[in-house]
Amino acid sequence: MDDVLVPLIVIPSIFIGMPWLILHYVTKWKQTPGSMTGEDEALLDELHSLARRLEDRVNTVERIVAADNPDFRPGVSDYRSDPDYRLEDRHQRRN
């Protein structure tokens with residue numbers, strides 16, 4: 001009895017069950033508009049605004065310190081225009 005029952009369960013599960021399961025999740029994956037949910041997008045927007053506010057704060061602090069100390073070289077606010085002075089120090093230490 002077991003010799004007949006096992007193949008009757010295994011063969012349909014391999015040829016019907018597995019393709020159905022795979023195709024089911026493939027269609028679910030294709031139906032989603034994007035990989036990000038609305039909650040993820042809201043979190044990303046919040047983190048972006050937080051990063052902008054923090055950058056503004058750092059720039060303000062660097063301007064205040066630069067006004068008090070003329071030898072101060074800002075590291076973050078001038079990263080687009082000047083080469084990073086911290087990298088120059090690393091190269092000098094290796095030589």
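These values consider heavy atoms only, across backbone and side chains, with no hydrogens, waters or symmetry-generated copies. These numbers come from a predicted model, not from an experiment.
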Which residues share a ring-ring contact (aromatic ring centres under 6.0 Å, His included) with H24, sequence neighbours left out: W20
Distance in Å, L44 CG paired with E39 CD, rounded so as to fall on 0.5 Å steps: 13.0 Å
Test of understanding: clusters of I, L, V, M, F, W, Y form through side-chain heavy atoms closer than 4.5 Å, transitively. Do I11 and V6 belong to the same one? yes
Mind checking whether V26 and L21 sit in one hydrophobic cluster, side chains of I, L, V, M, F, W, Y counted as touching below 4.5 Å? no
Between N69 and V65, is there a donor-acceptor pair closer than 3.5 Å when you use the side chain of the first and the backbone of the second? no
To the nearest 0.5 angstrom, please state how far the CG atom of N59 sits from the CG atom of L54. 11.0 Å
In the hydrophobic clustering that connects Ile, Leu, Val, Met, Phe, Trp and Tyr at side-chain heavy-atom distances below 4.5 Å, which members other than I16 occupy its cluster, ordered by chain and number? none
How many angstroms lie between CG in D45 and CG in D40, if you round to the nearest 0.5 Å? 11.0 Å
Please report the closest heavy-atom contact between P12 and P7, naming both atoms and the distance. CD-O, 3.8 Å
